[in-house]
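See below for the structure under consideration.
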There are 2 protein chains.
Amino acid sequence: MEMETITEDQKVMTAKKIKKMFGHINPKDHPEYCPIKDVMALASDKWSILIIIYLGYYPVLRFNQLKKKVYGISNKVLSERLKLLEGDGYLNRKMYPEVPVRVEYQLTDFGHSYLEKLLELTEWVTTYSDMIMANRSRYSKQ
Amino acid sequence: MEMETITEDQKVMTAKKIKKMFGHINPKDHPEYCPIKDVMALASDKWSILIIIYLGYYPVLRFNQLKKKVYGISNKVLSERLKLLEGDGYLNRKMYPEVPVRVEYQLTDFGHSYLEKLLELTEWVTTYSDMIMANRSRYSKQ
DNA sequence: CGGCATCCGAGTAGATACTG
DNA sequence: CAGTATCTACTCGGATGCCG
């Protein structure tokens with residue numbers, strides 16, 4: 001775990017960023033409303049993340065295509081997440097009233113903008129996931 | 001939602017990044033093991049995010065100090081998250097056997113490294129949270 | 001007093017079957 | 001095909017109480 005090199009300068013920079021961000025949300029004024037918590041609860045949900053990533057890779061996907069990609073997700077949860085993600089503006093839903101009906105999902109530009117930031121995180125995570133998982137199982141055996 | 005400007009070039013770059021990332025995880029070989037899902041489920045949980053951010057701002061925090069900062073979290077959930085986050089290597093727990101006992105939490109360098117990436121995302125989110133929340137309530141009233 | 005363990009209710013996930 | 005309906009199982013979260 002010691003391969004990361006974080007300087008004191010970086011820590012100071014980080015603290016400044018946080019302070020600026022907190023200036024924007026100000027938890028003292030609206031303790032019950034926290035954008036980070038409320039927005040991220042959906043946007044950084046494990047299923048949402050995979051949906052957004054796959055829609056960033058394949059320009060358009062239909063419901064059952066997505067279901068195959070996002071391994072392990074159920075109809076119900078996929079349907080719910082798609083609705084919520086559409087509601088927050090990350091993706092578009094287009095229905096073609098053919099028989100059988102065709103429904104296509106694709107990221108909005110807003111969703112693409114989010115994905116760019118999100119990928120920074122998931123790239124970091126995939127780089128260190130083996131280490132994290134090893135650490136996790138070691139820790140759980142204490 | 002149209003204030004984001006995403007070029008086709010950016011979308012191509014994004015797809016390449018994803019492909020590279022997927023090359024690393026390869027869902028066909030291990031469909032049941034997905035680092036993104038498994039690691040992010042903890043790391044991008046709404047409570048975890050706030051805990052990590054506050055520990056990035058205050059170098060050291062005790063249990064009840066954290067509890068006051070992370071508005072709305074219960075003892076149980078805070079205690080669980082701290083244990084899991086320690087297990088994955090994001091933070092350290094130091095106990096001083098005084099009376100009453102004092103327990104201090106602080107980010108590891110690994111945690112700081114994660115926080116740097118995480119902040120990219122939360123800064124984006126706080127910038128657009130008002131828009132997202134407005135969109136959300138409009139959408140839910142249909 | 002600070003942190004942790006236990007209990008219990010509510011909400012969420014998953015499996016399956018079914019429909020426009 | 002793209003979901004919905006239903007049922008069950010379970011996880012999660014909140015309250016409470018305990019212990020060093």
Side-chain angles (χ1 to χ4, degrees), chain A residues 31-32 34 36-38 40-51 54-55 58 60-88 91-106 136 139-140 142, chain B residues 31-34 36-38 40-51 54-55 58 60-88 91-106 139-140 142:
Chain A
E32 72 289 348
C34 172
I36 294 182
K37 205 170 63 189
D38 296 343
M40 298 291 274
L42 172 63
S44 72
D45 170 80
K46 62 177 182 178
W47 295 123
S48 302
I49 289 175
L50 289 171
I51 291 169
Y54 278 113
L55 284 177
Y58 302 96
V60 174
L61 284 175
R62 301 172 63 173
F63 186 90
N64 280 309
Q65 290 177 319
L66 256 173
K67 193 183 149 133
K68 277 191 203 99
K69 310 283 181 202
V70 183
Y71 187 85
I73 197 168
S74 70
N75 282 14
K76 188 188 168 195
V77 174
L78 178 54
S79 163
E80 282 171 355
R81 290 294 186 281
L82 287 172
K83 224 170 283 176
L84 293 171
L85 290 171
E86 186 196 6
D88 278 16
L91 52 86
N92 279 326
R93 179 183 188 275
K94 226 178 282 180
M95 194 177 76
Y96 301 89
E98 308 165 352
V99 179
V101 68
R102 189 170 95 241
V103 180
E104 291 183 346
Y105 294 93
Q106 61 180 331
R136 189 183 290 190
Y139 183 86
S140 70
Q142 290 175 7
Chain B
E32 71 289 348
Y33 169 58
C34 173
I36 294 180
K37 204 170 64 188
D38 296 342
M40 298 291 274
L42 172 64
S44 72
D45 169 80
K46 61 177 182 177
W47 295 124
S48 301
I49 289 176
L50 289 171
I51 291 170
Y54 278 113
L55 284 176
Y58 302 96
V60 174
L61 284 175
R62 302 174 60 174
F63 187 89
N64 280 310
Q65 289 177 318
L66 256 172
K67 192 180 148 131
K68 276 190 204 102
K69 310 281 180 201
V70 183
Y71 188 85
I73 198 168
S74 71
N75 282 16
K76 186 194 172 194
V77 174
L78 178 54
S79 164
E80 280 172 357
R81 290 294 184 282
L82 287 171
K83 221 172 287 176
L84 293 171
L85 290 171
E86 186 196 6
D88 278 16
L91 54 86
N92 280 324
R93 179 181 189 279
K94 226 179 286 180
M95 193 177 78
Y96 300 89
E98 310 166 347
V99 179
V101 67
R102 187 171 96 239
V103 181
E104 290 183 346
Y105 296 93
Q106 62 179 331
Y139 183 87
S140 68
Q142 289 175 8

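So you know, we letter chains A, B, ... as the sequences are listed, proteins then strands, and number each from 1. Computed from a predicted structure; not experimentally measured. Computed over heavy atoms, backbone and side chain alike; hydrogens, waters and symmetry mates excluded.
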Between [N] ([atom2]) and [X] ([atom1]): distance, integer Å:
{"X": "B:Trp47", "N": "D:dG13", "atom1": "CH2", "atom2": "P", "result": "8 Å"}
{"X": "A:Asp45", "N": "D:dC12", "atom1": "CG", "atom2": "P", "result": "12 Å"}
{"X": "B:Leu50", "N": "D:dG13", "atom1": "CG", "atom2": "C1'", "result": "16 Å"}
{"X": "B:Ile73", "N": "D:dG13", "atom1": "CD1", "atom2": "C1'", "result": "10 Å"}
{"X": "A:Leu78", "N": "D:dA5", "atom1": "CG", "atom2": "P", "result": "16 Å"}
{"X": "A:Leu66", "N": "D:dA2", "atom1": "CG", "atom2": "P", "result": "10 Å"}
{"X": "A:Glu80", "N": "D:dT4", "atom1": "CD", "atom2": "P", "result": "9 Å"}
{"X": "B:Leu84", "N": "D:dG13", "atom1": "CG", "atom2": "C1'", "result": "14 Å"}

Interatomic distance, B:Gln65 atom CD to B:Tyr54 atom OH [nearest 0.5 angstrom]: 13.0 Å
How many angstroms lie between atom CG of B:Leu85 and atom CG of B:Asn92, to the nearest 0.5 angstrom? 12.0 Å
Between D:dA2 and A:Arg62, is there an OP1 or OP2 to side-chain N/O distance shorter than 4.0 Å? yes
Should B:Arg81 be listed as having a side-chain N or O under 4.0 Å from OP1 or OP2 of D:dC12? no
What nucleic acid atoms does [X] come within less than 4.0 Å of, heavy atoms only: base, sugar-phosphate, or nothing?
{"X": "B:Tyr105", "value": "sugar-phosphate"}
{"X": "A:Lys67", "value": "nothing"}
{"X": "A:Glu98", "value": "nothing"}

Can you pull out how bent the helix from C:dC1-D:dG20 to C:dG20-D:dC1 is, comparing the axes over its first five and last five pairs, to 10°? 40°
Hey, does A:Leu91 have a side-chain heavy atom less than 4.5 Å from the side chain of A:Tyr105? yes
Quick one: are A:Leu82 and A:Leu66 in side-chain contact, heavy atoms under 4.5 Å? yes
Restricting to salt bridge (charged side-chain N to carboxylate O under 4.0 Å, His left out), what partner residues turn up for B:Arg93, sequence neighbours left out? none
Salt bridge (charged side-chain N to carboxylate O under 4.0 Å, His left out): pairs with one or both residues in residues 76-86 of chain A, sequence neighbours excluded: A:Asp45-A:Arg81
[X]: which residues meet the side chain to side chain donor-acceptor pair (under 3.5 Å) condition with it, sequence neighbours left out?
{"X": "A:Lys67", "result": "A:Asn75"}
{"X": "B:Glu104", "result": "B:Tyr96, B:Arg102"}
{"X": "B:Asn64", "result": "none"}

What string of B, S and - do you get for nucleotides 15-20 of chain D, 5' to 3', if B is base contact, S is sugar-phosphate-only contact and - is no contact with any protein heavy atom under 4.0 Å? ------
Shortest non-hydrogen separation from B:Ile49 to B:Ala43 and the atoms involved: CG1-O, 3.9 Å
Determine, step by step, whether A:Lys69 and A:Tyr58 satisfy the side-chain contact (heavy atoms from CB on, under 4.5 Å) criterion, reporting the C-alpha distance in whole Å, the side-chain angles of both residues, the deciding distance to 0.1 Å, and the verdict. CA-CA 10 Å; A:Lys69 310 283 181 202; A:Tyr58 302 96; 3.4 Å; yes
Once side chain to side chain contact (heavy atoms under 4.5 Å, CB included) is applied, do any residues pair with A:Leu84, and if so which ones, sequence neighbours excluded? A:Leu42
First and last nucleotide of DNA chain C touching chain B, 5' to 3', heavy-atom cut-off 4.0 Å? C:dC1 to C:dC7
